[in-house]
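Heads up: the structure comes next, in C-alpha cells.
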Amino acid sequence: MNNEAIRQRVEALLAQMTLEEKVAQLVQVPYAHNGREESLRWAKMGAGSFLHILGDDAREVQQTALQSRLGIPVIFGIDAIHGHGLNPNATIFPSQLACACSWDADTARTMGRDTAREVATDGLHWTFSPVLCLGRDTRWGRIDETFGEDPYLAAELGAAIIEGYQGDDLSDDEHILACAKHYLGYGEATGARDAVDTECTERKIREVFLPPFKRAVEAGCATIMTAYGAIDGTPLTSNKRMLKDILRDELGFDGFVVTDWDNAASLVTNQHTAADLKEASRQAAEAGNDMMMTTLGFYEHAVQAVREGSLDEGVIDDAVRHILTIKCRMGLFEKCEKTGRPGCIGCEEHRMDALNAARKSVTLLRNSGILPLKDVKKLAVVGANADDIRAQYGDWTYFTHPIADENRPAVRPYVTLKEGLVQICADKGIEMVYARGCGPIADDRDDIPAALAAAEGADAVVLCVGDTWAQHGETKDRANLTLSGRQLALYRALKQQGHKVITVLVASKPLCMEEAA
C-alpha cells in the first residue's frame with residue numbers, strides 16, 4: 001500500500017471514530033501488571049497497544065480487539081533489548097555496550113535481524129530498542145544498554161540495528177518496529193542518577209545527544225520513546241520544542257512517539273509541572289506524545305479535557321493518525337499477527353550469530369605475555385562470576401524481568417566461563433580446579449582461603465571479577481565503581497602467592513580496577 005492509499009485509509013477510519021475510540025488508541029496497557037481480565041477489558045475498549053505479553057496471551061488480546069466496534073488491531077511491544085530475552089527460550093545476544101566494542105555495524109544489524117525474527121515468531125510487533133543515550137558517566141545504572149560514549153559510533157550502530165529490526169518492509173513476517181530511546185539526554189542525568197534532570201544547553205544537545213537520533217530518523221526508525229527527565233526544567237514528556245519543533249519539523253520524523261513508563265503521570269508525582277493527571281494528560285498530548293505507556297488514567301482525563309474544551313480534539317486526531325499510519329505500514333489490518341520464522345526462537349543459526357557477536361565483542365585489555373596459555377598442566381579458576389549465568393546474561397532477560405516463569409527451558413544453551421573451561425581442559429588433558437572465592441556482593445559464602453588452597457600448584461589462575469545483575473539497570477546507579485565485595489582482596493592474595501593471574505571481567509560497565517588490570 002503506497003503512502004497516499006495509507007493516508008486515505010487512515011482518514012476514512014478516523015472519520016468513523018468516536019472521541020473515546022480515538023483516545024483509547026493513545027493508551028498502552030501493561031499486561032503483566034494489569035492481568036488478563038483487565039487487559040481484555042481494555043482490548044474491547046480499543047486500546048492501541050499492549051506491552052510485556054507473550055504467545056497465546058497476546059493472541060487472545062488481539063482477537064478481543066478485533067471484535068471491538070471498528071476492529072482496529074493492537075500493536076504488541078516488548079523490551080527485546082539484546083535478543084528476545086524476556087522469552088526464556090530466546091537467543092541472548094551481547095549487550096549494546098559489548099556490541100559497541102566490536103565496532104562492527106554488520107554485527108549490530110545481524111543482532112537486530114535475528115531478534116526481530118524471534119519477536120515476530122512470538123506474534124509480537126515492536127521492540128523498545130535501541131538505546132541511543134550515550135554512556136558518558138559509568139556510574140549510571142543503564143550504561144550497559146548504550147552503544148558507548150561516542151555520538152558517531154552510537155549513531156552508526158544504532159542505525160544498523162534499526163535496519164536489522166525493521167528490514168525493508170514493515171509488513172513482512174520477519175521484521176518488527178524499532179524504537180529509538182530515550183529522547184533526549186537521558187544518560188546525561190545529573191550525578192548519573194537515573195531519570196533525573198539533565199543540565200545542559202541546547203547547543204550541547206545538538207552537538208552531542210541529537211546526532212544518534214537524527215541518524216535513527218534517517219534510517220527510518222518507526223517509533224521514538226521520550227525520556228524520563230527534563231531539560232532546562234521542562235520534562236521531555238511536555239517539551240514541545242524537542243518533540244515537535246526539532247524531532248518532527250526539523251528532523252522529519254514521521255512515525256509515532258511513545259512515552260516511557262508512566263511518564264505522563266510523572267508530571268504530577270515526580271516532576272510537579274502539572275497539578276493533576278488531567279493537566280498532565282493535556283501537557284503530554286499537546287507536546288507531541290502519541291502513545292502513553294501504562295498511564296491508564298490518561299484515557300478518562302483526556303476525554304474529559306476535550307469535552308471541557310481545554311484540549312483540542314485535533315491534537316488527539318494527529319496522534320491517532322501517527323499510530324494508525326504505522327499500523328497500516330505494518331499491514332496489521334490485513335494480517336494482525338506476525339508469524340516470524342517458526343522454530344527460530346533459540347535456534348542453532350541464531351545461537352551461532354550470538355557466538356560470533358560475543359567473539360567480536362570480547363576485548364583484551366592488556367597482555368603481559370601470559371596469553372595464550374602454553375604448557376599448562378593445572379589451571380585454577382576462581383571467582384563467583386566465573387560460574388554465574390545471571391551475571392553473564394546481564395539485564396533485560398527472563399532472569400531480571402520474568403514474564404512467563406512456567407516456560408523456562410529445561411536446558412539452557414549457554415555456558416559459564418567455568419563450564420567452558422571444564423570442557424576445554426578435559427579435551428586437552430589439563431587438570432582444572434574451581435573455587436568460588438568471593439563475588440561482587442559480599443556474603444557468607446565468601447571463602448578466600450579455600451580459593452588460595454585451590455590455586456596451590458596451578459600453572460596459572462583465571463580470576464573472574466566484575467559486577468552482577470543486582471548492581472546495574474534502571475535506578476541501580478553506583479557512586480563507587482571499584483571492585484565490590486572482597487574481589488580486590490582475593491586478587492591481592494593470589495598475587496601475593498606469586499601466581500600468574502589472568503583477570504577476566506564479567507561486568508555491565510567499565511569499573512575502576514587499575515590495580516587488578
Side-chain angles (χ1 to χ4, degrees), residues 97-98 101 138-139 143-144 358 361-392 394 415-472 476 478-517:
L97 190 61
C101 295
T138 54
R139 297 174 298 175
I143 208 83
D144 59 301
S361 299
V362 168
T363 302
L364 178 63
L365 298 180
R366 182 178 300 160
N367 184 12
S368 60
I370 192 172
L371 298 176
L373 286 173
K374 296 177 181 178
D375 302 322
V376 175
K377 295 183 175 59
K378 178 181 179 182
L379 181 69
V381 179
V382 176
N385 271 20
D387 199 33
D388 185 345
I389 196 67
R390 292 192 178 202
Q392 199 165 302
V415 298
T416 64
L417 176 63
K418 172 202 165 187
E419 291 167 341
L421 286 173
V422 163
Q423 185 61 54
I424 291 171
C425 289
D427 292 343
K428 294 181 178 293
I430 298 171
E431 178 189 358
M432 199 210 90
V433 294
Y434 170 74
R436 183 183 183 278
C438 62
I441 299 175
D443 63 33
D444 56 11
R445 294 174 296 168
D446 290 352
D447 193 342
I448 291 178
L452 298 178
E456 282 291 333
D459 299 299
V461 177
V462 176
L463 171 64
C464 190
V465 296
D467 60 19
T468 188
W469 63 278
Q471 294 175 301
H472 60 89
K476 295 176 184 175
R478 294 178 61 189
N480 185 344
L481 295 182
T482 57
L483 286 180
S484 57
R486 302 180 65 197
Q487 293 180 107
L488 188 55
L490 175 59
Y491 168 79
R492 287 171 174 165
L494 289 167
K495 291 296 287 185
Q496 189 173 9
Q497 282 193 338
H499 292 293
K500 293 180 179 178
V501 177
I502 302 159
T503 304
V504 176
L505 279 164
V506 173
S508 66
K509 63 180 67 179
L511 299 172
C512 299
M513 49 169 295
E514 181 179 4
E515 181 180 344

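For the residue pair Ala454 and Ala435, the shortest heavy atom distance occurs at CB-CB, 3.8 Å. Closest heavy-atom contact between Ala384 and Gly439: CB-CA, 3.5 Å. Looking at every heavy atom in both residues, Lys509 comes nearest to Arg139 through NZ-O, 3.6 Å. For the pair Cys101 and Ser361, the tightest heavy-atom approach, listed with the atom from each and the gap, is CB-O, 3.4 Å. Closest heavy-atom contact between Ala470 and Lys476: O-CD, 3.6 Å. The two atoms that bring Leu481 and Pro510 nearest to each other are CD1-O, 4.2 Å, heavy atoms only.
Of the residues listed (Val381, Leu452, Leu379, Leu494), the one engaging Val461 in a side chain to side chain contact (heavy atoms under 4.5 Å, CB included) is Leu494, and it is the only one. With Leu463 as reference, Val382 is the one residue of Val382, Val504, Asn385, Leu505 to meet the side chain to side chain contact (heavy atoms under 4.5 Å, CB included) rule.
The structure places OH of Tyr434 at 9.0 Å from CG of Leu417, a figure rounded to the nearest 0.5 Å. The distance from atom CG of Leu371 to atom NZ of Lys500, rounded to the nearest 0.5 Å, is 10.5 Å. Here the CD atom belonging to Glu419 is positioned 12.0 Å from the CD1 atom belonging to Ile424, to the nearest 0.5 angstrom. A distance of 10.5 Å separates OG1 in Thr503 from CD in Gln487, rounded to the nearest 0.5 Å.
Counting only residues at least two apart or on different chains, the salt bridge (Lys or Arg N to Asp or Glu O under 4.0 Å) pairs with a member in residues 487-496 are Arg492-Glu515. Counting only residues at least two apart or on different chains, the salt bridge (Lys or Arg N to Asp or Glu O under 4.0 Å) pairs with a member in residues 373-389 are Asp387-Lys418.
Ser484 contributes a side-chain N or O that, together with a main-chain N or O of Pro440, makes up a donor-acceptor pair within less than 3.5 Å. Side chain of Glu456 to main chain of Ala453: no donor-acceptor pair is present (N/O by atom type, distance under 3.5 Å, no hydrogens or angles).
In terms of the salt bridge (charged side-chain N to carboxylate O under 4.0 Å, His left out) criterion, Arg366 has no residue partners (sequence neighbours excluded).
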Passes side-chain contact (heavy atoms from CB on, under 4.5 Å), Val465 versus Tyr491? Steps please. CA-CA 9 Å; Val465 296; Tyr491 168 79; 5.9 Å; no
Quick one, Cys425 with Glu431, criterion side-chain contact (heavy atoms from CB on, under 4.5 Å). Give me CA distance, side-chain angles, the key distance, then yes/no. CA-CA 7 Å; Cys425 289; Glu431 178 189 358; over 6 Å; no
Quick one: do Leu488 and Thr482 satisfy side-chain contact (heavy atoms from CB on, under 4.5 Å)? Show the steps, please. CA-CA 9 Å; Leu488 188 55; Thr482 57; over 6 Å; no
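For the pair Leu373/Ile502, a side-chain contact is recorded, criterion being any heavy-atom separation below 4.5 Å from C-beta on.
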